[in-house]
Protein chains: 2
Amino acid sequence: MKNKKLFSATRLPRFALATAGAASGLHATVVDQIGLRIVQGDFPPGEALPTADDSTEMLGVSRTVLREAIKVLAGKGLVESRPRTGTRVRPRADWNFLDPDVLSWRYAAGVSADDVKALFELRRAIEPMSAALAAQRATPEQVADLNAALAEMEEVCDDGERFAKPDLLFHQTILRMTGNELIGSLAALVETALIMSFRLSNDNPGGQRHSLPLHREVARKIAAGDGAGAQKALLVLIDNAEEDVRRSVENRNRRRAEREQTS
Amino acid sequence: MKNKKLFSATRLPRFALATAGAASGLHATVVDQIGLRIVQGDFPPGEALPTADDSTEMLGVSRTVLREAIKVLAGKGLVESRPRTGTRVRPRADWNFLDPDVLSWRYAAGVSADDVKALFELRRAIEPMSAALAAQRATPEQVADLNAALAEMEEVCDDGERFAKPDLLFHQTILRMTGNELIGSLAALVETALIMSFRLSNDNPGGQRHSLPLHREVARKIAAGDGAGAQKALLVLIDNAEEDVRRSVENRNRRRAEREQTS
DNA sequence: TATCATATGAATAGTATGAAGAATAAAAAA
DNA sequence: TTTTTTATTCTTCATACTATTCATATGATA
């Protein structure tokens, strides 16, 4: 009389842009479900998750699958398992927010103005500097990649959906051009920020066209080997992007507030 | 006639400073062993790991444990498993180098001059900016934490071993003072850099004493709310630290070269 | 005959389950 | 208060079975 399949085992409709983690399999859906609930506060830090037996029954999966999922979450710093005590959520300070999965869970439900600020704080530290390094170190092939991405952006700049991919590629190429693998691992951060932008850009008629000249300027400076110029140009681009996102979030929040007042 | 325990199941003598991942259990040792071998190039990207059955036999663990380990590594972007094909190492660009474990594997065996450059490039982007934010946002308790760390550094500055802990705490406190969780997750990066420093600082008679005035200056500026000053002071501190490490690496490499020539 | 589609089979990871072990917090006893 | 016991929970192992995918062979068709 086991009450299986209480949760449907369908994976979250995860906004996949391009490089998103290609994890597949039953255990990946469990990782997603539990990870999302932890990050979004269903299980606060310090609290114990349901026991293994309870969880398997609720999720309708075997212990094998559940244990694999728990171990993955532990590897990302979210939980810690011990006999007798159970599996507990670790303090937020131990979570690896730069992990692509954690990052996506963190911003899956929606973002506040503070969330936007946090994301762009880090982008502003990383990307302009990366552009400067890119200008000094990029190989000709990488410059070609950058220009290819730019060309595709120009081609599809009216179609919000199709614009996302080359835009992401543009920024990630710059990170890769630094030749610094640590910086390259921040690609997920940029991806998250761009996904936010595109989710909110309904408000933004005229699509992403207005950002094109700024991107062009960045690419030109990098190709010319002008580190300082590239740095400055990318900083302007990020400032603009943040302003766009911030405005969208404000609009959305205001509309929601109005709706709630009316009803 | 199973040839078990071919590998001893002892965990790597992992330099644990403070916040290092508290993972325990048999599967964690397997994660370490395989992860280290992948990151250090024993299994190049694109190559398949031994089949599950072979691995379990070689490592002397059950399939359960091995699978948990593989899933954790997949969660860090290192590998990808598919039926029939086996488990393959993913391209380096997909590895999450900012994961604390990956970071520690990356620099476990030793560092080159380029490694030092990469680490400090990122620190230089992050920490001075963080100090500026910290100066604006820190709570009184956090300022007290920072001063406490500084006091302990002053107290034990002659003992290289004991100096490491408060030094790490000092830098991580600054990251936390930004109130930006994403930045906080870069703590592992700083930890790795400091571990490198301390591993190499045998060359450095007089211990870490010379860095104390610089740390004091940073703390003072932050406490005074002087963001620009704190930023500048921390930049100087990092430049000095990099110079120390760079020199140590050079010395070590030169000595090694001499040894090899003699023998 | 050559080519394409379709079945068959083998290899591998994926999932499920039962049972024994080890660790530890809490309760009970000294 | 200290020690011992107990119960709970994760941990590990062993094994059976399933699902996926690639390679090969087979057969149909042009």
Side-chain angles (χ1 to χ4, degrees), chain A residues 1-11 21-34 38 43 46-75 78-90, chain B residues 1-11 21-34 38 43 46-75 78-90:
Chain A
M1 207 212 81
K2 287 196 183 166
N3 185 10
K4 289 202 170 185
K5 307 293 177 189
L6 208 156
F7 285 54
S8 70
T10 57
R11 188 107 176 261
S24 72
L26 193 44
H27 96 279
T29 76
V30 176
V31 170
D32 253 8
Q33 291 191 37
I34 303 181
I38 291 175
F43 303 111
E47 182 165 316
L49 266 51
T51 64
D53 287 331
D54 291 347
S55 293
T56 55
E57 200 171 344
M58 279 193 282
L59 296 164
V61 298
S62 68
R63 279 179 297 131
T64 310
V65 168
L66 180 73
R67 280 188 56 72
E68 285 168 9
I70 295 292
K71 292 297 185 240
V72 171
L73 294 172
L78 295 187
V79 301
E80 188 176 19
S81 302
R82 285 166 52 193
R84 170 83 196 194
T85 315
T87 299
R88 299 189 157 275
V89 178
R90 292 178 66 185
Chain B
M1 209 210 83
K2 288 199 184 164
N3 185 10
K4 290 201 168 188
K5 308 291 176 191
L6 207 155
F7 285 54
S8 70
T10 57
R11 188 105 177 263
S24 72
L26 191 45
H27 96 279
T29 75
V30 176
V31 171
D32 254 7
Q33 292 190 37
I34 303 181
I38 291 175
F43 303 111
E47 182 165 315
L49 266 51
T51 65
D53 286 331
D54 290 348
S55 295
T56 55
E57 200 171 344
M58 278 192 284
L59 296 163
V61 297
S62 68
R63 264 186 58 183
T64 310
V65 168
L66 178 74
R67 281 187 55 72
E68 285 168 9
I70 294 293
K71 292 302 180 221
V72 171
L73 294 173
L78 295 186
V79 301
E80 187 176 19
S81 301
R82 286 167 49 193
R84 172 84 193 190
T85 315
T87 299
R88 298 188 159 277
V89 178
R90 293 177 65 184

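All chains are named by letter (A, B, ...) in the order of the sequence lines, taking the proteins before the strands, and each is independently numbered beginning at 1.
- The distance from atom CZ of A:R63 to atom P of D:dT12 is 13 Å, rounded to the nearest whole Å.
- With rounding to whole Å, B:L59 atom CG is found 14 Å from D:dT12 atom P.
- Taking all atoms of both residues into account, the shortest heavy-atom contact from A:A69 to A:V30 is CB-CG1, 3.6 Å.
- Residues B:V89 and B:L49 are in side-chain contact: their nearest non-hydrogen atoms beyond the backbone lie under 4.5 Å apart.
- Between the B:R88 side chain and the B:G46 main chain, a donor and an acceptor come within less than 3.5 Å of each other.
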Check: If the sugar-phosphate is the primed atoms plus P, OP1 and OP2 and the base is the rest, what is the B/S/- string for nucleotides 21-28 of chain C, using protein heavy atoms under 4.0 Å?
Finding: --BBBS--
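- Residue A:V61 has its side chain nearest to C:dA16 when only D:dT11, C:dA16, C:dT15 are considered.
- A heavy-atom distance below 4.5 Å is found between the side chains of A:L73 and A:V31.
- Closest to the side chain of B:A52, from the set D:dC13, C:dA13, C:dA16, is C:dA13.
- Nucleotide D:dC22 holds its C1' atom 12 Å from the CZ atom of B:R88, rounded to whole Å.
- When the nucleotides D:dT11, C:dA16, D:dT12 are ranked by their closest atom to the side chain of A:V65, C:dA16 comes out on top.
- A:T64 comes within 4.0 angstrom of a base, heavy atoms only.
- The side chain of B:R67 approaches C:dT15 more closely than any other nucleotide in the set C:dT15, C:dA19, D:dC10.
- Residue A:T87 is tested with A:I70, A:T51, A:L66, A:I34 for a side-chain contact (heavy atoms from CB on, under 4.5 Å); the sole match is A:I70.
- Of all heavy-atom pairs spanning A:V72 and B:K71, the tightest one is CG2-O, 3.5 Å.
- Between B:L26 atom CG and C:dA20 atom C1' there is a gap of 16 Å when expressed in whole angstrom units.
- In this structure, B:E57 atom CD and D:dA14 atom P are separated by 12 Å, rounded to whole Å.
- Protein atom CD of B:E80 is 14 Å distant from nucleotide atom C1' of D:dT20, rounded to whole Å.
- B:E68 places a side-chain heavy atom less than 4.5 Å from the side chain of A:R67.
- Summarising the geometry, the separation between NE2 on B:H27 and C1' on D:dT11 is reported as 11 Å, rounded to the nearest angstrom.
- Summarising the geometry, the separation between CG on B:L66 and P on D:dA14 is reported as 13 Å, rounded to the nearest angstrom.
- Distances shorter than 4.0 Å separate none of the side-chain N or O atoms of B:K71 from OP1 or OP2 on C:dA13.
- Proximity note for A:S62 (side chain, C-beta onward) versus C:dA16, C:dT12, C:dG18: the nearest is C:dA16.
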